[in-house]
Each structure stands twice: as C-alpha cells, then as structure tokens.
Amino acid sequence: MKQVINHGVPEDLMDKAMEVYEEFFNLPVKQKENYAEKAETLYTNNPKHHASKEHNYWKEVLEHNCNIDGQDKQTWPSNPPTFREVIGAYSSEIRKLSMIIFDLVSKGLGLEAGYFGKGHGQRMFDNHYPICPDPSSTLGTCGHCDPNLITICQQQVYGLQILKNDEWIGVEPLPHAFVVNFGLLITVVTNGKLKIVAHRVVTNTTQTRTAIGTYFCPANVVEPAKSFVGPDNPPLFKPFKWGTEFLPHYFNNRAVYHAALEAFKINA
Ligand code: OGA
Ligand code: NI
C-alpha cells in the first residue's frame, strides 16, 4: 500500500467529489434506500458482503460502476444535483491516473508494456463511517484483501490500517493524496511473487469518515503472466474469469484474507 501525491488529479475536484458523497450520505435514509438492492448502483446500510460472525460493521456503502462512456451515469444518484457531473469528471481523472499506475506497475514488475490493457473495469466503493459511540465493539470494515487488480482510494480522516507482522498499523491520511493498494489478482499475475496486504477500517467517536474507493478490475481472464512462469517456475494458478468464477469464492470467505485464491491453485 502506497500513498501517491503529484498525481495530476485536480485537488478542487477531489474536494468536490468528497463533498458530493458526503452530501449523498447525509440525505434521509428513505432517499438513499431508493438505491438499495439495485445491481448497477447499490446503497446499503447493512453491508452483508462485509459482515462476519465476529463483528458488526459500522458503515454505509454506495457502489456504482463508472464506465466513462456515460452509460452508467443514468443509474447514479441524481441527488445531490451535482452528483453526476462531479463524479463523472472525477472518474475520468481517476481513470487517467489508473493508466499511469498500471504502466508503472507493469514496468516495475517487468511485464510487457500495456500488459493490463485499456479495458479494465472501474467501480466505485464509497464507504461512509458515522461517528461510533463504542469503537471497541465494532469495526468500520473487517480485515480483507481487495478482490481486484488495484484500488485507488481517497481519504481525509484516519481509520485505515494495514496488517504488517501481525500488527495493525495506521495509514495516516496525507492531504490530497491517494492510497494505492494492490488486490489479490496481483498475486496471481506475479505467480505468487507479490503477497498482498490485508487492511481494515476502525471507527472513532468524534468524526464521521468518508472514503472514496475506485476498484480497477480485469476485463479478461486472469492468469500468471508469461514473464513469471518458466521451466523453474511452473504456474501456481490456473486461469479464471474474475466476475463469474473468482468473486463468488471471494465473497464466501472474505474474512480469511487470501482464501479466495485457494480454489485456483494448481495441485491444491
Ligand atoms: C475497501 C476498503 C477502505 C476505506 O472498500 O476495499 O478497504 O477506507 N476501503 O474505506
Ligand atoms: Ni479494501
């Protein structure tokens, strides 16, 4: 997990996006629930995807696609009235940033230029964590690894932690920075070379927290890249489709951080 500054996304657009999501979450529950149980744009204050036996989670989530050809905009909230305009501009900027990051990641991993292609999916996960009267009894988000290639996240209030040597360590927000996080699929692409960190979100008693997460997801089949496989490095994972094959395993066992990968291990 890294924080990126000088990323080229205008700071005032980042501020506007944060305001627009906060305004959305401040709407009456009835209005937000117009988006409950929809597939394309989904609001929930009972995040079943994120629950486990051990914890209740203290958050609301708004999820939506952001294909930047404009098609998905029709399903986005129309209130606050600037939502579609601001988030449309924001998603285009984040997409540009994702291209740069994918390029750097390909270079850094020794993959051929353009390995990740241009067709990656883009979906927003906007998490809102209200003030919590008893943060010791609940988490904002349980420990997990992201199920995608990379996540670009905007935060301005503390709450995010990563698991390092069995200890949870805070990721202090830097002003107008993005947190960039690798998802589990990077472990597959690198044939097990890159291990992915688990992260979680804690709540607090004094400030609400909104985090704008953009998930970048593969358009094609996921498999170990050729440059990570050879006579001495047999492939550790079989190829799979992300949405239909991988995600069901992920949502089944999200609280065991790397569990979703097990089903795709060769000789497992
Ligand atoms: C996520 C996530 C972090 C946050 O949505 O995958 O880890 O700060 N979010 O809400
Ligand atoms: Ni995450």
Side-chain angles (χ1 to χ4, degrees), residues 1-4 14 17-18 21-22 24-25 41-52 55-66 87 90-91 94 98 101 120-132 135 138-164 168-187 194-204 207-218 242 246-247 249-251 253-261:
M1 197 174 272
K2 292 266 183 292
Q3 300 211 55
V4 184
M14 295 178 74
M18 188 58 87
Y21 281 122
E22 280 174 352
F24 173 83
F25 285 114
T41 293
L42 178 67
Y43 166 79
T44 179
N45 49 27
N46 175 23
K48 53 181 182 299
H49 285 348
H50 308 269
S52 76
H55 289 283
N56 293 312
Y57 298 106
W58 194 262
K59 74 164 167 181
E60 298 170 70
V61 185
L62 177 70
E63 289 178 42
H64 59 83
N65 279 343
C66 37
I87 301 309
Y90 181 86
S91 359
I94 298 287
S98 76
I101 292 174
H120 45 273
Q122 182 173 343
R123 188 166 172 86
M124 316 282 304
F125 282 81
D126 304 296
N127 293 321
H128 182 72
Y129 306 94
I131 288 171
C132 182
T138 181
L139 285 169
T141 296
C142 66
H144 68 281
C145 292
D146 291 347
N148 51 7
L149 292 165
I150 61 170
T151 304
I152 299 180
C153 184
Q154 179 183 336
Q155 54 162 356
Q156 58 192 29
V157 172
Y158 175 72
L160 182 62
Q161 300 181 330
I162 59 169
L163 187 61
K164 199 174 171 193
W168 291 103
I169 304 188
V171 181
E172 287 291 343
L174 299 174
H176 294 111
F178 287 104
V179 176
V180 177
N181 184 45
F182 284 161
L184 287 170
L185 304 181
I186 296 289
T187 295
L194 252 178
K195 297 283 184 302
I196 301 312
V197 292
H199 51 283
R200 69 177 190 180
V201 179
V202 293
T203 51
N204 73 76
Q207 269 181 300
T208 59
R209 175 174 185 275
T210 301
I212 309 175
T214 308
Y215 275 27
F216 289 93
C217 314
W242 180 70
F246 181 81
L247 279 189
H249 286 281
Y250 179 76
F251 286 122
N253 212 353
R254 188 176 191 259
V256 180
Y257 309 137
H258 301 92
L261 294 175

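Both ligands and their constituent atoms are indexed starting at 1 by order of listing.
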(message) As a test of understanding, state which of Thr141, Leu42, Thr44 forms a side chain to side chain contact (heavy atoms under 4.5 Å, CB included) with Val61.
(response) Thr44
(request) Among Tyr158, Trp58, Trp168, find the residue that satisfies the side chain to side chain contact (heavy atoms under 4.5 Å, CB included) test when tested with Val202. (result) Tyr158
(request) Assess the side chains of Asp146 and His199: does a donor N or O sit below 3.5 Å from an acceptor N or O? (result) yes
(request) Assess the side chains of His120 and Ser98: does a donor N or O sit below 3.5 Å from an acceptor N or O? (result) yes
(message) Can you tell me if Gln155 contacts ligand 1 (heavy atom of the residue under 4.0 Å from the ligand)?
(response) no
(message) Measuring from non-hydrogen atoms of Thr151 to any atom of ligand 1, is the shortest distance under 4.0 Å?
(response) no
(message) To 10 degrees, how wide is the angle NE2 (His199) to the Ni ion (ligand 2) to NE2 (His144)?
(response) 90°
Provide the number and element of each atom of ligand 1 under 4.0 Å from a heavy atom of [X].
| X | answer |
| --- | --- |
| Ala211 | 4 (C), 8 (O), 10 (O) |
| Val201 | 3 (C), 4 (C), 8 (O), 10 (O) |
| His199 | 7 (O) |

(message) Within the 4.5 Å heavy-atom criterion, are Leu160 and Arg209 side-chain neighbours or not?
(response) yes
(request) For residues Gln155 and Val179, determine if any side-chain heavy atom of one lies less than 4.5 Å from a side-chain heavy atom of the other. (result) yes
(message) Looking only at distances, can you tell me whether any N or O atom of Arg209, backbone or side chain, sits closer than 3.5 Å to an N or O atom of ligand 1?
(response) yes
(message) Under 4.0 Å, heavy-atom basis, I'd like to know which part of Thr141 is in contact with ligand 1: side chain, backbone, both or neither.
(response) neither
(message) Can you tell me which portion of His144 lies within the under-4.0 Å heavy-atom range of ligand 1? Options are side chain, backbone, both, or neither.
(response) side chain
(request) Return yes if some donor-acceptor pair links the side-chain N/O of Thr151 with the main-chain N/O of Tyr215 below 3.5 Å, else return no. (result) no
(request) Please name the atom of Asp146, restricted to N, O or S, that is closest to the Ni ion (ligand 2). (result) OD1
(request) Using the six-membered ring wherever Trp is involved, compare the ring planes of Phe25 and Tyr21 and label them parallel, tilted or perpendicular (cut-offs 30° and 60°). (result) tilted
(request) Closest by any non-hydrogen atom to atom 1 (C) of ligand 1: pick that one out of Tyr158, Tyr129, Tyr215. (result) Tyr215
